[in-house]
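A note on names: the letters A, B, ... follow the listed sequences, proteins ahead of strands, and every chain is numbered from 1.
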Protein chains: 2
Amino acid sequence: MSRMSQSLELTERAQHLLKVLIERYIDEGQPVGSRALAREAGLNLSPATVRNVMADLEEMGLVTSPHTSAGRVPTVKGYRLFIDSLLTIEPLDQDLVQRLWEDLEELEDPQELLETASQLLARITRMAGVVTLPQRRQIAFQHIEFLPLSGGRVLVILVTDDQEVHNRIIRPATPLTPGQLQQAANYLNAHLSGRRLTEIRAALVQEFKDAGRELQSLLEMAQSLISADALEEDCLVAGQTNLMSFAELSDWSRLRELFEIFEEKRNLIHLLDQCIEAEGVQIFIGEESGYQPLEQCSLVTRAYAVGDRVLGVLGVIGPTRMHYERVIPLVDVTARLLSTALNQKIASPS
Amino acid sequence: MSRMSQSLELTERAQHLLKVLIERYIDEGQPVGSRALAREAGLNLSPATVRNVMADLEEMGLVTSPHTSAGRVPTVKGYRLFIDSLLTIEPLDQDLVQRLWEDLEELEDPQELLETASQLLARITRMAGVVTLPQRRQIAFQHIEFLPLSGGRVLVILVTDDQEVHNRIIRPATPLTPGQLQQAANYLNAHLSGRRLTEIRAALVQEFKDAGRELQSLLEMAQSLISADALEEDCLVAGQTNLMSFAELSDWSRLRELFEIFEEKRNLIHLLDQCIEAEGVQIFIGEESGYQPLEQCSLVTRAYAVGDRVLGVLGVIGPTRMHYERVIPLVDVTARLLSTALNQKIASPS
DNA sequence: TTTTGGCACTCGTAGAGGAGGAGTGCTAAC
DNA sequence: GTTAGCACTCCTCCTCTACGAGTGCCAAAA
């Protein structure tokens with residue numbers, strides 16, 4: 001009985017049929033029936049045989065049928081198996097890689113680099129591209145500047161070693177003269193350069209003990225740094241409208257929920273942060289992400305880095321029914337190219 | 001004959017009926033029939049009489065019927081008349097104004113101020129809120145800083161008098177020492193402070209003639225400023241997902257087009273720029289905006305300013321069928337509050 | 001033991017037909 | 001100028017049916 005195979009391993013044939021079924025479903029977006037699958041599989045099997053295999057696959061939870069008389073549709077578990085062991089990755093077109101590189105290389109500004117990366121991902125995949133901004137905790141202090149404003153307020157400009165400029169307006173409890181500000185900036189620049197923002201908070205507490213009468217102003221500086229550090233993480237999303245083309249997302253309320261996570265980015269950022277530690281390409285299929293609005297979507301991500309410091313992740317969000325064999329290498333390469341580009345731009349500041 | 005009134009002016013009664021019709025349509029979203037209108041109008045008229053008036057209104061192009069046996073729906077021309085002379089503006093709840101002010105007042109950073117303004121508009125109206133960033137040409141130079149990077153590149157930090165920080169990485173043709181950079185920055189800060197960015201480009205050309213040997217480095221500085229100036233305008237959009245709730249936008253492809261103008265902001269910015277010169281609240285109804293994706297939408301805007309300098313506009317985008325009597329005063333007040341808040345924060349820098 | 005053809009059955013989709021209702025325009029009376 | 005009455009239009013909703021795709025199961029073939 002073919003039922004024997006259900007318990008542990010899939011036969012080679014069952015695997016092949018699953019693969020063909022999923023490929024076909026990804027292409028067509030409609031449940032695959034036994035007749036079509038038999039024809040497509042190239043194994044000279046009759047639909048009846050295929051039906052038996054499909055029943056097995058269903059019992060193993062790899063496919064389901066939306067209703068009695070429809071074909072089969074892959075489940076999350078089915079996609080998982082497909083991606084982990086059945087997928088034949090399509091090597092990326094070298095022309096495309098070249099073009100990607102040219103688009104990224106010419107940009108000097110890291111911010112623009114990230115924006116462009118997300119846009120490229122969106123444009124090429126015709127889905128949504130996401131890039132998280134570099135995590136603050138990975139980033140080191142490079143330079144600080146205090147600019148006096150009216151009303152005793154001070155504009156704090158903080159340059160970090162990823163060449164990003166952060167700014168914040170603070171209102172010190174006691175007014176400070178331009179001279180004092182300059183002095184404080186000099187001091188901080190001399191002592192903190194190259195240290196990570198997370199270390200600095202601790203370091204500043206240490207300084208207080210030795211600083212004596214300048215404690216007052218230094219306190220303000222510390223505050224400003226901490227608040228600059230406290231800037232919550234952010235991410236860039238491009239091409240979200242592309243997702244409106246997909247029939248499986250055409251459920252009105254579902255789509256709305258999906259778009260809301262792009263607008264209220266907190267959840268999205270939290271999800272992407274989980275991907276930052278994975279090596280290589282990380283994939284969340286449907287409910288695996290744990291977010292209900294992403295039930296019908298998959299997320300393909302990869303971290304980007306400068307040197308050995310992982311800064312953030314980039315990726316693609318689209319329907320579970322996406323062409324993984326093309327998206328995975330694309331995300332992979334884009335993350336590498338972005339890392340390389342950032343390395344070139346940032347590298348060792350003088 | 002009631003047909004007499006068609007030629008020139010609307011009778012008082014016809015105006016009143018038009019007003020009630022549009023109010024009812026805005027509330028219900030469905031064509032208004034003669035029976036309902038007769039009941040609602042409070043004029044003790046029979047449906048038949050109302051039908052006669054409606055026929056007149058239709059001939060004047062103020063209403064249409066989607067098909068023979070439906071009620072009437074306002075046209076753009078009808079909305080226009082309604083807004084320009086029939087609308088009774090609802091005074092804004094003072095509590096709400098107070099809360100708006102509290103939300104804005106506490107923010108120090110102009111950027112955050114603008115973001116919050118658009119979010120408030122979106123949240124209160126349950127439509128989309130938009131705010132354009134201050135126009136560069138309105139803005140004056142305040143302070144510049146050059147930070148040497150590796151590879152001869154230089155990070156240019158430009159602080160403008162709206163307390164925004166712009167930064168850009170440039171790569172001078174000939175390498176410059178930190179001393180030279182400092183010198184150049186000092187020079188520019190001394191000479192250009194307070195002048196508008198648009199003037200500066202011309203001023204720099206003038207300086208070249210006198211500068212002599214420092215010409216080389218000054219050239220670079222000029223370039224950087226111009227490119228910082230060339231930063232294209234931008235705008236912030238909040239609550240675009242709110243627009244998915246409206247039945248009249250539920251046409252799949254229409255909604256997609258609409259969302260695309262939020263993503264590819266150029267057209268939207270261009271449209272908003274047109275509103276910047278109008279005094280008071282400006283309204284585009286449906287096709288009046290000239291953008292086909294906004295056919296079913298209205299745009300209610302008002303400029304915001306610091307002192308006598310108009311910096312940008314803020315507004316609300318929603319279905320033509322919106323509660324203008326509430327949206328108009330809200331946009332009006334929000335723009336005023338934003339202006340006041342910006343005035344407080346920016347004012348005269350020391 | 002595996003594969004296959006046959007067959008009854010299920011279920012979603014698409015289309016036709018019909019009833020009901022909302023609203024209109026017109027006409028004639030008030 | 002206003003109103004009641006009436007015939008007419010057209011949209012919406014419902015039901016019913018036919019159809020087709022696909023299934024599961026069984027018994028026969030390989």
Is the A/F259-B/F259 ring centre distance short of 6.0 angstrom?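 Yes, ring centres under 6.0 Å apart.
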Do the side chain of A/R51 and the base of C/dG5 come within less than 3.5 angstrom through a donor-acceptor pair of N or O atoms? no
Taking only the side-chain heavy atoms of A/T49 (C-beta and beyond), determine which of D/dG24, D/dT3, C/dT4 contains the nearest atom. C/dT4
Output the rounded distance in Å from [atom1] ([X]) to [atom2] ([N]).
| X | N | atom1 | atom2 | answer |
| --- | --- | --- | --- | --- |
| A/Y25 | D/dG22 | OH | P | 14 Å |
| B/N52 | C/dT24 | CG | C1' | 11 Å |
| B/D56 | C/dG25 | CG | P | 11 Å |
| B/N44 | D/dT3 | CG | C1' | 13 Å |
| B/E59 | C/dT24 | CD | P | 15 Å |
| B/R24 | C/dG23 | CZ | C1' | 13 Å |
| B/R13 | D/dG1 | CZ | C1' | 8 Å |
| A/Q30 | C/dG12 | CD | P | 15 Å |

Using the side-chain contact (heavy atoms from CB on, under 4.5 Å) rule, pick out the option among A/V131, A/I317, A/N267, A/T301 that qualifies with A/L272. A/T301
Please say whether more than 12 non-hydrogen atoms of neighbouring residues, nucleotides or ligands are located less than 6.0 Å from [atom1] in [X].
| X | atom1 | value |
| --- | --- | --- |
| B/E287 | CD | no |
| B/Q292 | CD | yes |
| A/E279 | CD | no |
| A/N44 | CG | no |

Pairs touching residues 63-90 of chain A that satisfy ring pair (Phe, Tyr, Trp, His ring centres under 6.0 Å), sequence neighbours left out: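 Applying ring pair (Phe, Tyr, Trp, His ring centres under 6.0 Å) to every pair that reaches into residues 63-90 of chain A, excluding sequence neighbours, yields nothing.
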For the pair B/R302 and B/T334, evaluate side chain to side chain donor-acceptor pair (under 3.5 Å) and give the outcome as yes or no after the intermediate values. CA-CA 9 Å; B/R302 192 189 199 292; B/T334 309; over 6 Å; no
Which of residues 33-40 of chain A have a heavy atom under 4.0 Å from DNA chain D? A/G33, A/S34
Tell me which residues in residues 66-75 of chain B lie within less than 4.0 Å of DNA chain D, going by non-hydrogen atoms.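 Close to the strand are B/H67, B/T68, B/S69.
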Distance, nearest 0.5 Å, that separates CD of A/E90 from NE2 of A/H323: 9.0 Å
